[in-house]
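In what follows, chains carry the letters A, B, and so on, assigned in the order in which the sequence lines appear, proteins first and then strands, with residues in each chain numbered from 1. All of these numbers come straight from a predicted model, not from anything done at the bench.
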Amino acid sequence: MLTTRPRGTSDILPGEVEKWQYVEECFRRLCREYGYAEIRTPIFEHTELFNRGVGDATDIVEKEMYTFRDRSDRSLSLRPEGTAAAARAYLESNLNAGPQPVKLFYTGPMFRYDRPQAGRYRQFHQVGVEVFGSPRPAVDAEVIAMAMDFCGRLGLKLELHLNSVGCPDCRPVLREKLTAYFRAHQNDLCADCLRRLASNPLRALDCKVPRCRELAKNAPTSLDCLCGSCAAHFQDVQKYLKALGIDYVVDRYLVRGLDYYTKTAFEMMAPGIGAQSSVGGGGRYDNLVETIGGPPTPGIGYAIGLERLLLAMQEQGSELPGRDRPDVFLASVDDTLESEALQLLQTLRQKGLAADKDYLGRSLKAQMKYAGKTGAPAVVILGKEELARGMIILKDMTTGAQKEVPAAELAEEIGKLRRKGSTS
RNA sequence: GUGGAUGUAGCUCAGUUGGUCAGAGCACCAGGUUGUGGCCCUGGGGGUCGUGGGUUCGAGUCCCAUCUUCCACCCCA
């Protein structure tokens with residue numbers, strides 16, 4: 001156990017981590033362009049926040065939270081998602097007193113105690129955004145467009161599923177209709193759905209059992225019960241998406257698992273990455289802020305799972321960076337030149353070059369071999385005779401050609417090789 | 001939480017009906033004579049055969065338990 005990581009977690013090692021950085025950088029740039037500012041919240045919160053914010057009856061709260069008591073007997077939980085904490089911070093720091101809307105983004109690890117499988121881990125990573133303070137459908141459109149833009153920039157083609165789950169005014173209507181409908185067919189329902197019928201009939205809509213699916217096809221859905229304002233809102237969102245040229249399918253069986261969702265719900269699906277095909281999703285949560293004790297405040301957001309995003313990118317053959325390589329590697333013909341080597345290395349680095357050298361006292365041959373493996377486009381070789389003349393050997397690793405360069409011109413010459421290497 | 005599969009060197013895998021079975025390729029390291037990589041040749045290091053029990057004269061090979069990973073369900077990112 002000492003040398004094994006906890007179940008469902010992973011080490012992101014060099015070679016892999018560059019891909020993460022690439023995706024995260026892309027997201028940051030995107031957020032900047034869309035006007036979202038970063039917020040960093042704690043990785044754990046009072047358990048109560050999630051109970052209230054995410055919902056007591058959800059699977060997340062019921063059986064997936066990492067909950068513990070600290071030394072002062074407070075019940076704390078590792079965050080299972082990012083929205084509740086963002087809403088809490090919005091209230092706690094009185095961001096609701098400033099200019100509205102407030103547009104935030106976050107990145108970081110989330111934790112859910114669940115059985116791991118492809119695309120599902122106990123510690124996973126999300127990037128996400130939240131907008132507080134605007135009820136207008138144009139915001140819904142922006143948020144969805146942004147999420148799709150992000151995936152598009154990464155070379156991904158995803159299916160956008162769109163639905164409206166209504167508001168507290170239309171929910172009871174749906175619930176009633178749905179319960180009546182399923183009750184009339186309860187002999188055909190699976191055991192799970194019978195249970196759902198009592199707890200949350202909405203969930204029966206996306207049951208995977210074939211027979212239930214058949215039933216669900218004709219069942220009333222939230223779209224059949226939208227109140228006037230929800231229906232208009234949904235129409236507007238679609239109108240704006242069309243104006244933006246964003247393809248989507250209305251998926252009336254799309255039910256988001258978290259209690260706080262209202263009106264717009266959407267999900268981005270990537271077939272081909274296993275059963276967990278949802279790369280990201282989100283929606284409107286006009287009641288969340290109020291639920292956790294704030295003033296009525298509309299909100300909308302989404303979260304994207306980075307593990308799944310990367311899976312989908314690999315599946316679809318998107319370009320991802322490989323391991324970072326130095327600009328230049330420094331080798332010396334023998335270790336009596338160690339001082340000179342260290343000096344030169346520092347000089348190169350201070351000129352902005354990524355430079356490295358051998359630290360095992362290896363032979364020149366072994367140093368060259370190692371240099372080749374680092375992928376450095378240039379190698380600088382310190383030779384005694386050349387050094388005496390103020391010259392340094394510079395080798396172009398892609399052609400194998402080498403020449404002597406005056407020490408003063410070295411950095412510039414390396415720069416040329418670096419540019420050549422990066423464009424080829 | 002439920003069901004199924006998996007687990008041999010860093011990686012991909014061989015290992016007959018339990019008795020030289022602890023191996024191969026790749027990777028790693030060092031050499032192939034004087035101060036130079038990518039090909040080739042030679043040699044070397046490295047594994048309590050996931051872990052813990054049990055059966056047996058003897059188990060990587062059989063049994064049980066446990067852990068991991070994978071697949072599906074549940075649910076979600």
Item to check | Nucleotide nearest A/Ser278 when distance is taken to its side chain, options B/A77, B/C75, B/U36 | outcome: B/A77
Checklist entry - Between atom CD in A/Gln117 and atom P in B/U69, what is the gap in whole Å? => result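 Taking atom P of B/U69 as the reference, CD of A/Gln117 is at 12 Å.
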Checklist entry - Looking only at atom C1', what distance separates B/U68 and B/G52, rounded to whole Å? => result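 Here B/U68 and B/G52 have their C1' atoms 15 Å from each other.
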Checklist entry - How is A/Val279 classified with respect to the nucleic acid when contacts are heavy atoms under 4.0 Å: base, sugar-phosphate, or nothing? => result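 Here A/Val279 touches the backbone only, sparing every base.
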Next on the checklist: Less than 4.5 Å apart, side chain to side chain, heavy atoms only: is that true for A/Val405 and A/Met391?
Outcome noted: no
Next on the checklist: Can you confirm whether the side chains of A/Gln123 and A/Thr9 place a donor and an acceptor under 3.5 Å from each other?
Outcome noted: no
Checklist entry - Below 4.5 Å, heavy atoms only, C-beta onward: do A/Phe150 and A/Cys26 meet side chain to side chain? => result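 Answer yes - side chains close enough.
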Checklist entry - Going by the angle between their ring planes, with limits at 30° and 60°, are A/Tyr90 and A/Phe132 parallel, tilted or perpendicular? => result parallel
Checklist entry - For A/Glu64 and B/U2, what is the distance between atoms CD and C1' respectively, to the nearest whole Å? => result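 Rounded to the whole Å, the gap is 15 Å.
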Item to check | Closest nucleotide among B/A72, B/C75, B/U36 to the A/Ala275 side chain | outcome: B/A72
Next on the checklist: Using atom C1' in both nucleotides, what's the gap between B/U20 and B/U61 to the nearest angstrom?
Outcome noted: 15 Å
Checklist entry - Going by atom types alone, do A/Glu130 and A/Thr83 pair a side-chain donor with an acceptor below 3.5 Å? => result yes
Next on the checklist: For the residue pair A/Lys177 and A/Tyr181, would you count it as a cation-pi contact if the rule is NZ or CZ under 6.0 angstrom from the ring centre and within 45 degrees of the ring axis?
Outcome noted: no
Next on the checklist: Would you measure the distance from the C1' atom in B/G10 across to the matching atom in B/G45 and give it in whole Å?
Outcome noted: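 The same atom, C1', in both gives a distance of 13 Å.
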Checklist entry - Counting any heavy atom closer than 4.0 Å, what does A/Met397 reach on the DNA or RNA strands: base, sugar-phosphate only, or nothing? => result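 Here A/Met397 touches the bases of the nucleic acid.
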Item to check | pair A/Asn51-A/Met65: side-chain heavy atoms closer than 4.5 Å | outcome: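 Yes, close enough: below the 4.5 Å cut-off.
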Next on the checklist: I'd like the P distance from B/C73 over to B/A14, given in whole Å.
Outcome noted: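 Between the two P atoms, the distance is 28 Å.
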Checklist entry - Quantified in whole Å, what is the P atom distance between nucleotide B/U69 and nucleotide B/U55? => result 31 Å
Item to check | Whole-Å C1' distance, B/G60 and B/G23 | outcome: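 Result for the C1' pair: 12 Å, nearest Å.
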Next on the checklist: Quick check for you: among B/U36, B/U69, B/C74, whose closest atom lies nearest to any side-chain atom of A/Lys395?
Outcome noted: B/U36
Item to check | Interatomic distance where CG belongs to A/Asp11 and C1' belongs to B/G10 [whole Å] | outcome: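 Distance check: A/Asp11 CG to B/G10 C1' gives 15 Å.
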Name the pairs: protein N/O against N/O of nucleotides 3-9 of chain B, kept only if under 3.5 Å.
unit_1, atom_1, unit_2, atom_2, d
B/G3, O6, A/Arg115, NH2, 3.3

Checklist entry - How would you label the contact of A/Gly375 with the nucleic acid (heavy atoms, under 4.0 Å): base, sugar-phosphate, or nothing? => result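 If one applies the 4.0 Å heavy-atom cut-off, A/Gly375 turns out to touch nothing in the nucleic acid.
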Item to check | Nucleotide B/U36, atom P - distance to CG of A/Asp335 in whole Å | outcome: 16 Å
N/O-N/O pairs, protein side and nucleotides 25-29 of chain B side, under 3.5 Å:
unit_1, atom_1, unit_2, atom_2, d
B/C28, OP1, A/Lys373, NZ, 3.1
B/C29, OP1, A/Arg362, NH1, 3.4
B/C29, OP2, A/Lys373, NZ, 3.1

Next on the checklist: Measuring only the P atom in each nucleotide, how far is B/C67 from B/C40? A whole number of Å is fine.
Outcome noted: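 Straight-line distance between the two P atoms is 46 Å.
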Next on the checklist: What contact category does A/Glu386 fall into here, base, sugar-phosphate, or nothing, at under 4.0 angstrom with non-hydrogen atoms?
Outcome noted: base
Item to check | Distance-only side-chain donor-acceptor flag, A/Glu159 / A/Tyr248, under 3.5 Å | outcome: no
Checklist entry - Toward the 5' end of RNA chain B, which comes first, A/Glu385 or A/Ser363, by nearest nucleotide? => result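 The residue whose closest nucleotide sits nearer the 5' end is A/Ser363.
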Checklist entry - Under 3.5 Å, is there a donor-acceptor pair linking the side chains of A/Asp140 and A/Tyr240? => result no
Checklist outcome for this item: Between CG of A/Asp396 and C1' of B/G37 the distance, given in whole Å, is 13 Å
Item to check | More than 12 heavy atoms from other groups under 6.0 Å of CD on A/Glu33 | outcome: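 Counting neighbours around CD of A/Glu33, more than 12 heavy atoms of other residues, nucleotides or ligands fall under 6.0 Å, so yes.
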Checklist entry - With ring centroids as reference points, do A/Phe329 and A/Tyr370 lie under 6.0 angstrom apart? => result yes
Next on the checklist: How many whole angstroms separate atom CD of A/Glu315 from atom C1' of B/A77?
Outcome noted: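 Answer to the nearest Å: 17 Å.
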Checklist entry - Between B/G46 and B/G4, how far is it from one P atom to the other, in whole Å? => result 41 Å
Checklist entry - So does A/Arg389 have more than 12 non-hydrogen atoms from other groups sitting under 6.0 Å from CZ? => result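 Yes, enclosed.
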Checklist entry - Which part of the nucleic acid, if any, lies within reach of A/Ile393 when heavy atoms closer than 4.0 Å are counted: base, sugar-phosphate only, or nothing? => result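 Result for A/Ile393 = base.
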Checklist entry - Does B/A77 have OP1 or OP2 sitting under 4.0 Å from an N or O in the side chain of A/Arg120? => result no
Next on the checklist: Applying a 4.0 Å non-hydrogen cut-off, can you work out what A/Gly119 is touching in the nucleic acid: base, sugar-phosphate, or nothing?
Outcome noted: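 Base contact - A/Gly119 has a heavy atom under 4.0 Å of at least one base atom.
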Item to check | Closest heavy-atom pair and its distance - A/Leu394, A/Ala378 | outcome: CD1-CB, 4.1 Å
Item to check | Polar side-chain contact A/Gln402-B/U36 base: donor and acceptor under 3.5 Å | outcome: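 Indeed there is one.
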Checklist entry - Rounded to the nearest Å, what distance is computed from the CG atom of residue A/Asp356 to the P atom of nucleotide B/G37? => result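 From A/Asp356 CG to B/G37 P: 20 Å.
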Checklist entry - Start at the 5' end of RNA chain B and walk down; is the nucleotide closest to A/Tyr113 or to A/Ala303 reached first? => result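 Comparing both residues, the 5'-ward one is A/Tyr113.
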Item to check | Between B/A77 (C1') and A/Ile273 (CD1): distance, integer Å | outcome: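 Spelled out: CD1 on A/Ile273 to C1' on B/A77 is 9 Å.
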Item to check | Watson-Crick or G-U stems of RNA chain B, 3 or more pairs, under 3.5 Å, by first number | outcome: B:1-5 with B:69-73, B:10-13 with B:23-26, B:28-32 with B:40-44, B:50-54 with B:62-66
Checklist entry - Between A/Phe27 and A/Phe105, is the ring centre distance below 6.0 Å? => result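 Yes; A/Phe105 has its ring centre under 6.0 Å from that of A/Phe27.
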